[in-house]
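Working notes, beginning with the structure itself.
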Amino acid sequence: MGIVLQGGTVVTAAECCRTDVRIEGETVAALGSDIRQSGDEVRDVTGCLLVPGGIDAHTHFDLPIGTMATADDFVSGSRAALSGGTTTFIDYATQFKGETLRQGMANWHKRAAKGCYVDYGFHMAITDWNEAVTAELPELVRKDGVTSYKMYMAYKGSLQVADDVLFQAMQALDRLGAILCVHCENGDLIVELARQELENGHCGPRYHPLSRPITVELEAVQRIIKIAETAKSPVFIVHLSSGAALEAVREAKARGQAVYAETCPQYLVLDEERYLLPGFESAKFVLSPPLRDKENQTMLWNGLKQGVLDTVATDHCSFNFVGQKELGRSDFSRIPNGIPGVEHRLALLYSYGVLAGRISLNDWVMRCAAQPAKLFGLYPKKGTIAPGSDADIVVWDPTATGMITAKTQQQRVDYTPYEGIKTQGAVRQVYLRGQLAFDEGTILAAPDRGQYLKRKPLMK
Ligand code: URP
Ligand code: ZN
Ligand code: ZN
């Protein structure tokens with residue numbers, strides 16, 4: 001006995017097709033007309049788009065920072081993801097200094113075991129690189145299915161690693177078919193620029209972007225591209241924010257280098273004017289890299305359309321305004337970095353990308369689901385609607401309208417950076433591996449529904 005979704009338009013990265021979808025068990029059984037079998041239940045989705053469940057390949061749920069943790073844990077973060085049409089996320093499990101990678105992994109599995117509404121995988125962020133860590137990699141890649149790793153060129157004194165470490169890690173990972181994701185900002189310059197701002201009495205959040213100008217991102221992006229070229233290894237640049245960095249990626253790709261890049265809704269929809277808000281309000285927009293101007297936004301949209309940018313992920317890293325962001329009231333460099341967004345990625349990209357004519361429906365699916373699945377070893381199980389794929393399907397109502405507000409969000413954080421922003425198009429239903437998990441605003445899935453995903457090596 002299966003389910004037939006009847007009357008919708010299936011949208012994949014490649015095509016839009018007016019066709020029915022038959023689900024049997026956890027997977028898609030067939031697409032077409034006359035696919036109903038006896039005993040099937042038919043569900044009418046006339047007028048709706050059927051899109052593959054979103055894949056958010058960059059989240060930080062339950063991330064400990066000093067004595068606190070992010071506002072969203074796996075339970076609230078995954079519930080928010082589900083209600084926004086994201087059925088898979090890949091979180092950055094982190095190896096802290098002195099830990100083995102295995103300890104870092106075990107720590108993150110424990111966090112996720114508290115509950116998760118959707119499927120998930122882990123990238124592993126490495127902060128302490130040594131020979132023992134290198135020796136752990138083969139098992140993590142092959143047995144645990146952790147086929148992507150992360151290093152930071154910023155956050156001096158905590159997460160930042162040196163160029164030789166980046167180089168060695170890229171080579172070691174490439175030998176195993178894994179890839180290194182990199183936070184590209186020059187951490188040394190940031191510390192010095194922040195020191196100079198503070199020395200001049202510039203303590204408020206409006207000075208955060210001045211300590212992280214585009215040149216600081218561009219220098220790191222150019223450097224990582226050259227390190228990857230020298231290592232003859234692929235590299236994935238996370239949360240790219242500026243047109244100049246985009247051009248560096250474009251040139252590398254044109255030379256045939258395996259450089260991949262992600263941007264985030266915040267860099268496409270919000271801009272640097274948010275740093276001019278009165279009082280301490282701008283702390284709500286303290287993230288790294290910071291927001292840029294409208295010209296950079298336009299360049300990023302073009303980069304998405306042209307495929308220079310591969311994926312759109314949220315970098316969801318939520319801190320409450322009260323009690324967490326506030327820790328930096330007298331010193332902007334102490335404001336915990338990051339913003340929430342896992343709930344709103346599809347709606348923002350649809351409203352300000354597809355409906356604004358900046359990207360096509362297929363681009364939307366490509367950048368939010370298909371390409372992250374391909375690059376991070378989940379395709380075609382995830383990221384498409386095709387026979388044999390997991391039946392992760394979003395029933396998208398293109399006529400629905402909405403407004404993002406903290407009052408109604410699922411995210412467990414006391415604000416949203418998108419407060420008051422209007423959206424058109426919304427999630428009506430979400431199927432996760434064949435089960436209706438979200439229906440017209442109601443969560444139907446249990447909080448233990450999400451499964452850990454062992455991922456395959458990079459599809460080059
Ligand atoms: O400000 C940000 N992006 N915080 C999250 C951690 C990171 O750098 O990805
Ligand atoms: Zn980062
Ligand atoms: Zn991040």
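Order of listing sets the numbers, starting from 1, for every ligand and every atom in it. Start at 1 with the first residue, then count along the sequence.
- Residue H58 counts as close to the Zn ion (ligand 3), with an N, O or S atom under 2.8 Å.
- Those atoms of ligand 1 with a heavy atom of G338 less than 4.0 angstrom away are 1 (O), 2 (C), 4 (N).
- In this structure, H316 does not count as a contact residue of ligand 1, since none of its heavy atoms falls inside 4.0 Å of the ligand.
- Residues L327 and M68 have side chains in contact (heavy-atom distance under 4.5 Å, counting atoms from C-beta outward).
- Ring geometry, W364 versus Y350: the interplanar angle falls from 30° to 60°, so the pair is classed tilted.
- Taking the ring centre of F319 as origin, the terminal cationic atom of K325 falls outside the region bounded by 6.0 Å and 45° from the ring axis.
- Two residues are said to be in side-chain contact when any heavy atoms from C-beta on lie closer than 4.5 Å; M366 and L304 fail this criterion.
- The closest side-chain heavy-atom distance from D331 to R334 is below 4.5 Å.
- Given atom 4 (N) of ligand 1, the protein heavy atom at minimum distance is N337 O, 3.3 Å.
- Looking at H208 against ligand 1, nothing comes within 4.0 Å, counting heavy atoms.
- Residues T100 and Q95 fail the side-chain proximity criterion, which asks for heavy atoms closer than 4.5 Å.
- The proximity of Y155 to ligand 1, defined as any non-hydrogen pair under 4.0 Å, is limited to the side chain.
- Those atoms of ligand 1 with a heavy atom of S288 less than 4.0 angstrom away are 1 (O), 2 (C), 3 (N).
- Closest to atom 6 (C) of ligand 1, if we only count protein heavy atoms, is H60 NE2, 3.6 Å.
- For atom 3 (N) of ligand 1, the closest heavy atom belonging to the protein is D315 OD2, 2.6 Å.
- Here the angle at the Zn ion (ligand 3) defined by NE2 in H60 and OD1 in D315 stands at 100°, rounded to 10 degrees.
- By the 30° and 60° cut-offs, the orientation of the rings of F321 relative to F280 is tilted.
- Between F122 and the options F376, Y452, Y92, a ring-ring contact (aromatic ring centres under 6.0 Å, His included) holds for only Y452.
- Within the listing of ligand 1, atoms 5 (C) sit less than 4.0 angstrom from a heavy atom of C317.
- Among the atoms of H183, no N, O or S atom falls under 2.8 Å of the Zn ion (ligand 3).
- Counting heavy atoms closer than 4.0 Å to ligand 1, residue L287 contributes atoms from both its backbone and its side chain.
- The ligand atoms of ligand 1 that sit less than 4.0 angstrom from a heavy atom of K150 are 9 (O).
- Classification of the F96-W108 ring pair by plane angle, with boundaries at 30° and 60°, yields tilted.
- Restricting H239 to its N/O/S atoms, the shortest distance to the Zn ion (ligand 2) is reached by NE2.
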